[in-house]
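Reviewing the structure listed below.
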Amino acid sequence: MINDIDSKGPSSIEMNDLIDLVKKIHGFDFSGYSKASLRRRITRIMQLKRLGYYDLKHMLINDTAFFQNFLEEVTVNVTEMFRDPLFYKAINDQVLPYLSTFQHIKIWSAGCSSGEEVYSLAILLHEAGLRNKSFIYGTDINTEVLKEAKKGIYSLRKIKAYAENYQYSGLPGTITDHFTILYDAATIHTELKQNTLFSVHNLISDNVFNEFQMISCRNVFIYFESPLQEKILDLFYRSLCPLGFLCLGSKEAIRSDAFKKRFKTISSKENIYQKIGS
Amino acid sequence: MALKPDTISRWRNSEVLLLGGSAGSFKILFRLIKVLPADLNKIVVIIIHRKKNFFSEIEKLFAENSRMYLREVSDKDAITRGTIYIAPANYHTLVESEEQFSLDVSEAVWYSKPSIDVTFESAAEVFKGRCTAILLSGANQDGARGLLKLREQGSLTIAQDPADAEMREMPGAAVEINAADEILTVNDIFELLQA
């Protein structure tokens, strides 16, 4: 069988209608989101929950609990530890030597989902001997994934899948060196959790909340259209200390000329930038 | 088998060439890239299944052998004619609008990221009937649904003849759901793209 449940999903007119509705009723603005992927996500919800367009509208208007669920499904929470391992290698080789000269290293992992990137960075800092003077803030709009992040417990199946990434990152040992394994679950070592904090932050509507030496925001910009990307770039720029680092990952470059001038490129392959100017 | 004149004219008139393949398609795609003329005034998008941490230099290898300009898709890349785009590993490539791609890291489809279905379906959404899409050898059913959607929008859709494919399941799935206008051997596909 080729197809389980078939739903064509909303048309572009219906999409605009849904975006307006969500904004009015729930105060959540999806208008700057990349349309093709947003549409895919909404189609997926309609298929999973077997809802037609009018059913979906009805639920969004009348069922208050449904919106949280909708938000969780719409926002993509697929992540891995050491995803794109060469990114971590670049951070290790090109960013950490610089960061090590700071008294304190504050890092913001924006759009951290279930915490895999935060703990990957914690391991990286630990291996570089910088864990004691660093602190990592993980933020996301999705409260459910943040609960998972705080626990730092992952299924053994997932850890096995992350082991290959770890190997390519160039770090010594294996990923299991950083976890306590019991039956089919792996818990990140307590000392790695100590200097982390997870909290809700909405990149679209919330403002600067601290000053950071490094911000990592990967696979988040892809869900936003260019004007919204620029708005968030400005937030990051204002959240960085002078000469702080912004890390976007291999597929998300700074495209706007205005921002290209305000950052120096450290790695064009991994899109790592350093704040320059005032 | 002689190609139908109508098929040839539909290929010539199409603005976008979509190529999807998995196991058993690499060599075919590699050869196809070589024969596409430098002045082909079309958008070419290749989706080939590959392992996420397989740091092969597929793009480099393809680029060195292509007469057209070739690049791996990055988020919000402009879509321009005369260029071959390759979908990156571990992301889905979406056609956002006529001018722009966007990437997506959501769940794999048919265990595949990039998924051919995802790109084909979004291309059908944006380019409607203006594509020629070819689904090559592969060991799962990714791409068949996307091909069907393209056919429904009026694009020219082609499945590699399953009997001619190293792995028959992928083009076979497309044939089974009647997603292909034409079922062609590799030789016919080569002849068509040079017609």
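Chain A is the first sequence line, chain B the second, and so forth, proteins listed ahead of strands; every chain is numbered from 1.
Contact of A:Val78 with chain B is made through backbone and side chain together, with heavy-atom distances under 4.5 Å. Residue contact with chain B, scored on non-hydrogen atoms closer than 4.5 Å, is absent for A:Asn77. For B:Lys51, no part lies under 4.5 angstrom from a heavy atom of chain A. In this structure, the portion of B:Glu125 lying under 4.5 Å from any heavy atom of chain A is its side chain and not its backbone. Within the 4.5 angstrom heavy-atom criterion, no atom of B:Lys149 approaches chain A.
Taken to the nearest 0.5 Å, the CG atom of A:Leu248 stands 10.5 Å off from the CG atom of B:Asp75.
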Under 3.5 Å, which donor-acceptor pairs link side chains of residues 94-101 of chain B to any protein atom two or more places apart or in another chain?
{"from": "B:Glu96", "atom 1": "OE1", "to": "A:Ala36", "atom 2": "N", "distance (Å)": "3.4"}
{"from": "B:Glu96", "atom 1": "OE1", "to": "B:Ser102", "atom 2": "OG", "distance (Å)": "2.6"}
{"from": "B:Glu96", "atom 1": "OE2", "to": "A:Lys35", "atom 2": "N", "distance (Å)": "2.5"}
{"from": "B:Glu96", "atom 1": "OE2", "to": "A:Ala36", "atom 2": "N", "distance (Å)": "2.8"}
{"from": "B:Ser97", "atom 1": "OG", "to": "B:Glu99", "atom 2": "N", "distance (Å)": "3.2"}
{"from": "B:Ser97", "atom 1": "OG", "to": "B:Gln100", "atom 2": "N", "distance (Å)": "3.4"}
{"from": "B:Glu98", "atom 1": "OE2", "to": "B:Arg130", "atom 2": "NH2", "distance (Å)": "2.5"}

Pairs of donor and acceptor atoms involving the side chains of residues 76-83 of chain B, under 3.5 Å and at least two apart or interchain, shall be tabulated with distances.
{"from": "B:Lys76", "atom 1": "NZ", "to": "A:Ser34", "atom 2": "OG", "distance (Å)": "2.9"}
{"from": "B:Lys76", "atom 1": "NZ", "to": "A:Ile222", "atom 2": "O", "distance (Å)": "3.0"}
{"from": "B:Lys76", "atom 1": "NZ", "to": "A:Phe224", "atom 2": "O", "distance (Å)": "3.1"}
{"from": "B:Asp77", "atom 1": "OD1", "to": "A:Arg255", "atom 2": "NH2", "distance (Å)": "2.8"}
{"from": "B:Asp77", "atom 1": "OD2", "to": "B:Arg71", "atom 2": "NE", "distance (Å)": "3.3"}
{"from": "B:Asp77", "atom 1": "OD2", "to": "B:Arg71", "atom 2": "NH2", "distance (Å)": "3.2"}
{"from": "B:Asp77", "atom 1": "OD2", "to": "B:Ser74", "atom 2": "N", "distance (Å)": "2.8"}
{"from": "B:Thr80", "atom 1": "OG1", "to": "B:Thr83", "atom 2": "OG1", "distance (Å)": "3.4"}
{"from": "B:Thr80", "atom 1": "OG1", "to": "B:Tyr85", "atom 2": "OH", "distance (Å)": "3.1"}
{"from": "B:Arg81", "atom 1": "NH1", "to": "B:Asn41", "atom 2": "O", "distance (Å)": "3.0"}
{"from": "B:Arg81", "atom 1": "NH2", "to": "B:Glu15", "atom 2": "OE1", "distance (Å)": "3.1"}

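Atom CZ of B:Arg67 sits in a crowded spot, with more than 12 heavy atoms from other residues, nucleotides or ligands closer than 6.0 Å. Dense packing is recorded around NZ of B:Lys128, with more than 12 heavy atoms of other residues, nucleotides or ligands lying under 6.0 Å away. Around atom CZ of B:Arg168, no more than 12 heavy atoms belonging to other residues, nucleotides or ligands sit under 6.0 Å away. Other residues, nucleotides and ligands place more than 12 heavy atoms under 6.0 Å from the NZ atom of A:Lys260.
Evaluation of the side-chain contact (heavy atoms from CB on, under 4.5 Å) rule for B:Arg31 yields B:Val186, B:Phe190 as partners, not counting sequence neighbours.
Among A:Pro85, A:Ser250, A:Ser12, A:Ala253, the residue making the largest number of heavy-atom pairs under 4.5 Å with chain B is A:Pro85. Listed options B:Val105, B:Val118, B:Val126 were ranked by heavy-atom pairs under 4.5 angstrom with chain A; first place goes to B:Val105. For the set A:Arg41, A:Glu80, A:Arg83, A:Arg44, the entry with the most heavy-atom pairs within less than 4.5 Å of chain B is A:Arg83.
Taking 4.5 Å as the heavy-atom cut-off, none of the residues of residues 169-178 of chain A approach chain B.
Counting all heavy atoms, side chain and backbone alike, A:Tyr223 lies closest to B:Asp104 at OH-OD1, 3.5 Å. Of all heavy-atom pairs spanning A:Arg40 and B:Ser106, the tightest one is NH1-OG, 3.0 Å.
Side-chain contact between B:Leu103 and A:Glu252 is absent, with no heavy atoms from C-beta onward closer than 4.5 Å.
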